[in-house]
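Take a look at the structure below.
Note that the coordinates shown come from a computational prediction; the quantities given were computed from them, not determined experimentally. The figures here come from the full heavy-atom set of this structure, side chains too, leaving out hydrogens, waters and symmetry mates. Whatever order the structure lists them in is the order used to number ligands and atoms, beginning at 1.
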Amino acid sequence: MKIYLDGNLVEKDDAKVSVFDHGLLYGDGVFEGIRAYNGRVFRLSEHLNRLYASANAIMLEIPLSKKDMEAAVIETLRANKLKDAYIRLVVTRGCGDLGLDPKRCHGKPTIFIITDEIKLYPEEFYTNGLSLITASTKRSIPESLNPCIKSLNYLNNIIAKMEATRAGVPEAIMLNAQGYVAECTGDNIFIIKDKVLITPPTWAGALEGITSKAVMELAREKARLEVREDLFTLYHVYSADECFLTGTAAEIIPVVKTDGRTIGDGKPGKMTLRLIEEFRELARLTGVPIYEK
Ligand code: PXG
């Protein structure tokens, strides 16, 4: 397996970063999780826009243009002869002396790109739906580390994820500091009530999901659903007709139970299943081609 590391393609065993890298020492950096389907990278420019926006928010200047970064992603996929892949793109503050101050770094961010096979969730999650719990850990407030920044600091989400797995479920709902539903640990959340699709606005403490945006477009254009970005509480999840999660890794996953309450009739909802079909079609047919040109 070839890894892109600071401009070179190196073997997996040689893809090493220093213990003085501030990405490792302080979680000082940003990342993206991207997927390729059927020889095409899904929404690559949206992922790169989010990466550069996150980097800008933490005042990290990425030493590659978006165009060169796009070429690096394609080059890595080609080197590994992949058509379907999970792509992890990471930019850290780079190596430096000990101490928080990024000025202690030597001005050369570390960039690496891993392209690997995709390990999908078991198919039964998609056909039978997931159970969730609500984490007691709140999503970090936008006034501190804004959840819109996809930084290497994922401990807020990891702690909530551990609450889920300790409770025997794969995901947890995270509330914001005001008690409204924000998102899950690695996915955005949607509910459907009376043919209206609702997801929390990103200012309520959610990442601006690429999958979420695609799903809202499909819901409007293909499923003719009214789509709203609005605040809601756990009561609205418990009493929804349907509920599902979206994320690059998860795609669209139906939710059938939350905190012991059955949602709808306890089976993946009709609209959710329709959106899963539409999304799979969109992902298969659109995106930046890896092998053409
Ligand atoms: N919220 C959070 C906190 C996330 O980390 C999403 C929502 C969904 O966003 P996208 O753009 O992917 O639709 C994410 C993204 C992983 C993994 O390895 C996690 C994500 C993406 C890719 C891989 O668990 N989370």
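Among protein heavy atoms, the minimum distance from atom 18 (O) of ligand 1 is reached at Arg88 NH2, 3.1 Å. Among all non-hydrogen protein atoms, the one lying nearest atom 15 (C) of ligand 1 is Lys150 NZ, 3.4 Å. At the shortest separation from atom 9 (O) of ligand 1 among protein heavy atoms lies Gly209 CA, 3.6 Å. Atom 24 (O) of ligand 1 has as its closest protein heavy atom Ala249 CB, 4.6 Å. Nearest non-hydrogen protein atom to atom 23 (C) of ligand 1 is Tyr86 OH, 2.8 Å. Looking from atom 21 (C) of ligand 1 to the surrounding protein, the closest heavy atom is Thr248 CB, 3.9 Å. At the top of the distance list for atom 4 (C) of ligand 1, counting protein heavy atoms only, stands Tyr154 OH, 3.5 Å. Atom 14 (C) of ligand 1 has Gly186 O, 3.3 Å as its closest protein atom, hydrogens excluded (heavy atom only).
With respect to Tyr126, the side-chain contact (heavy atoms from CB on, under 4.5 Å) criterion is satisfied by exactly one of Ile252, Ile253, Leu273: Ile253.
Side-chain atoms of Asn176 come within 3.5 Å of backbone atoms of Gln178 as a donor-acceptor pair (strictly under, hydrogens ignored). Remark: side-chain polar atoms of Thr199 are paired, donor with acceptor, to backbone N or O of Ile189 under 3.5 angstrom.
Considering backbone and side-chain atoms together, His47 places no N or O closer than 3.5 Å to any N or O of ligand 1. Some N or O of Arg50 is nearer than 3.5 Å to an N or O of ligand 1, by distance alone. Close N/O approach between Glu208 and ligand 1 is not found [any backbone or side-chain N/O within under 3.5 Å].
Remark: Lys66 qualifies as a cation-pi partner of Tyr52 under the 6.0 Å distance and 45° angle criteria applied to the six-membered ring. Remark: Arg261 qualifies as a cation-pi partner of Tyr238 under the 6.0 Å distance and 45° angle criteria applied to the six-membered ring.
By the 4.0 Å N-to-carboxylate-O rule, Arg35 lies close enough to Glu251 to be salt-bridged with it. The existence of a salt bridge linking Arg50 and Glu208 is excluded, since no basic side-chain nitrogen approaches an acidic carboxylate oxygen closer than 4.0 Å.
The shortest non-hydrogen separation linking Thr76 to Ile113 is CG2-O, 3.8 Å. Scanning both residues, Thr248 and His47, for their nearest heavy atoms gives OG1-CE1, 3.6 Å.
If you number the atoms of ligand 1 from 1 as listed, the ones under 4.0 Å from a heavy atom of Asn157 come out as 3 (C). Near Thr185, with a cut-off below 4.0 Å to any heavy atom, the atoms of ligand 1 are 3 (C). With ligand atoms numbered from 1 in the order given, ligand 1 contributes 8 (C), 12 (O), 13 (O) to contacts under 4.0 Å with heavy atoms of Gly247.
When Ile210, Asn188, Thr211 are ranked by how near their heavy atoms come to atom 8 (C) of ligand 1, first place goes to Asn188.
Here the two rings, on Phe112 and Phe31, have centers that are 6.0 Å apart or farther.
Contact annotation for atom 1 (N) of ligand 1: protein present (non-hydrogen atoms, distance under 4.0 Å).
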